[in-house]
Each structure stands twice: as C-alpha cells, then as structure tokens.
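Some notes on the structure that comes next.
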2 protein chains.
Amino acid sequence: MDGERVGMLLMHLGRDVDARLRRQLSVYGLTPRHGFTLSHLCDNGPTSQQSLLDVLDVDPSVLVAILNDLENAGLAERKRDPEDRRRHIVEMSEQGRTALTAMQGTIDTIERELLADLSPADADQLRSLLSKVRSPGDTSCAGD
Amino acid sequence: MDGERVGMLLMHLGRDVDARLRRQLSVYGLTPRHGFTLSHLCDNGPTSQQSLLDVLDVDPSVLVAILNDLENAGLAERKRDPEDRRRHIVEMSEQGRTALTAMQGTIDTIERELLADLSPADADQLRSLLSKVRSPGDTSCAGD
DNA sequence: TATTGTTATACTCTATAACTATA
DNA sequence: TATAGTTATAGAGTATAACAATA
C-alpha cells in the first residue's frame, strides 16, 4: 500500500494528469473525454456511436452527453446512417479540428512538464515500458 | 491527444488500477483512501489529522469521512491530544493492522498482474523512471 | 424480438462554506 | 482572533434501468 509500488505510482500520477488536463481544458468548456472523442474522430473519420463506445469504454448514456456537448459547441455532428436508420454517424466539424489542435497543444505542455526531469532516452524508455504494462481491465480471461 | 503520449498512458493506467483496487477493496467495505490512511498510520504511528491531510492531500471534510468509516469499522481510533485539546491523535487498532495486511495482499496481486509482461529488471527500471516523473501538481512555482 | 440510441434517476466522490470547540 | 475539526450542502462524474425508434 506504500507509495513505492508501481500500481500506486500509476494511480497517483494518473490522477494528477487527469486533474491538470481537466483544469486546462475547462477553459474551452471541455473535458479530457471530449478531447479523446474528437481525437478518435480525427484519426478514424466518421464513426458510429457503437464503435466510439468500444474505444472510449464509457457507458452509452455518458457518450450521449459527450456528443450532445460537442454538437452544441459546433465541434461535431450526428447524422442518421441511411443503411440502418437506428445508427448515428458521428463526424467532426472544421471547428472541431481547430479545437482539437488547441487541446493537443495543452497536452503537449503537460507532457513536457511531466518529463522535465527525464532525458529524451529515459522518456522513450518510459513510454515503451508503460505500453507493456498490462491494464487490469485487459485480462482476457473474464473469470474473476 | 493520442494514446501514445506518456500523459495519456498514465491517465488510463492509473484509472484502471484505481477501479480495480476499489472493486477488490469493496469486499471489506473500504476504498483505496482508507488503505492509504491505514498504511500511513502503520508506517508513522499515531498522527494528528493535520499531518494526515498533508500526506493524503484531501479536503478536511473528506478526511473526516474516512476516519469515521475506519472508527466505525474498529480499524482506527481518534483521541484528544492532551497538549492541545483541539487536536485529534489518530491511531490504528490491531484490527486495523490485520485489515491492512489483507489489503496489501490485494494490491500485491494487482501489482503482479500489471507487471506480468515485464522482466524483473524492466519492472525496476519502470519503478525508477516513474518516480522521476514530475507530477503536475508538484511544480514548486505556484504561478500558473 | 433484438438493437441503437436516449432519458430519467440515483449513487459516489469531491469541494465549499458555515459551524463548534478550543487556543 | 486564529486554529482543529466537523457538518451540511451542492456539484461533478458515473452507472442503472426504463423508454422510443428502427430492424
């Protein structure tokens, strides 16, 4: 339970990064989740809400709220899928692209702060090791 | 904003570890914060609430709730400081020690899962690098 | 009947401010 | 007047379940 454990370090650092990013993004009236959503739309193009659910790993009702916010801010838009009118296709707007760029600048700043005491080689090493950490939720055997 | 950044990795991993630990500890009716509190009491002996506030970095009202829970569960006890009757001295009980041991077992399990794909040397390296990451809240110049 | 998305609701965590008692 | 701790309350964030539209 002490602060030396990797799990504890991850918890505390993750919490701090989240709080910091949340505070910075609140200037735009957005949260980290809004940012992830725009980021995914930018990388993958128009997407159904279902696939956003998979990527963001949030409750459907949470995604509805996120998309409502993005639509009200003019950053994204929902359209009916003509092939299956139950589905929505979510697409980001030009304004959304601009907002995403601003947000990426914000997180770049945080990133530089986090890594201020590490050499570039150490930072790469850290990135590599972190990507090898197995997220508890990842365990393929669902038996718990 | 993509998942490659260290900050994003920390956010996601930290969130997962927290969720996992919270779920496991709910068996005992406790949260990670209860665990940290007991852990600090174990390492440092009887402590004033003020110094717990510094270590846990929570709002005073949150600490009150944590200590109420621990007292109701018989895991810790508040006593008046005879030298300054405004102060409370918080002390863990034998039951508290037993509960802490159980919780440490839980987090050890999570820790092993997290590091399952890393060699012992990699795990040490990761621990070392993480401890060099500067938490955004740490910045000594409060100007923001 | 099953699926996509939505709404309404409740529950947890946290933050704020007002309060008590001691100094 | 200032400090240690407490209480009451409100605000986020999230999860649950019931619902409408479409397949």
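Please read all numbers here as calculations on a predicted model, not as lab measurements. Every chain is numbered from 1 and lettered A, B, ... according to where its sequence line falls, protein lines coming before strand lines.
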Open item on the list: Each nucleotide in nucleotides 13-23 of chain D should get exactly one letter: B, S or -. Can you fill that in based on protein heavy atoms under 4.0 Å?
Closed with: SSBB-----BS

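- In this view, A:Pro60 and A:Leu53 satisfy the side-chain contact (heavy atoms from CB on, under 4.5 Å) rule, not counting sequence neighbours.
- The distance between atom CG of B:Leu67 and atom C1' of D:dT7, rounded to the nearest whole Å, is 15 Å.
- The side-chain contact (heavy atoms from CB on, under 4.5 Å) test applied to B:Ser119 returns B:Ala121, B:Asp122, not counting sequence neighbours.
- Residues A:Glu113 and B:Arg134 are not paired through a salt bridge, judged by the lack of any N-O separation under 4.0 Å between the basic side chain and the carboxylate.
- When each of B:Leu118, B:Leu126, B:Leu114, B:Leu115 is tested with A:Lys132 by the rule side-chain contact (heavy atoms from CB on, under 4.5 Å), just one qualifies, namely B:Leu118.
- Using a 4.0 Å cut-off between charged side-chain N and carboxylate O, B:Arg86 and B:Asp81 make no salt bridge.
- A salt bridge links A:Arg127 with A:Asp124: the distance from a Lys NZ or Arg NE/NH1/NH2 to an Asp or Glu carboxylate oxygen falls below 4.0 Å.
- In terms of the side-chain contact (heavy atoms from CB on, under 4.5 Å) criterion, residue partners of A:Arg80 (sequence neighbours excluded) are, by chain and number, A:Arg85, A:His88.
- Nucleotides of DNA chain C with any atom under 4.0 Å from a heavy atom of chain B span, from 5' to 3', C:dC13 to C:dA23.
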- [ ] Determine, stepwise, if the pair A:Met8 / B:Ile107 fulfils side chain to side chain contact (heavy atoms under 4.5 Å, CB included).
- [x] CA-CA 9 Å; A:Met8 299 298 97; B:Ile107 189 149; 2.3 Å; yes

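- A salt bridge does not link B:Arg15 with B:Asp18: none of the charged nitrogens is closer than 4.0 Å to a carboxylate oxygen.
- Listed in residue order, the members of residues 44-53 of chain A having a heavy atom less than 4.0 Å from DNA chain D come to none.
- Taking the side chain as every heavy atom from C-beta outward, A:Pro32 and B:Met11 approach each other to under 4.5 Å.
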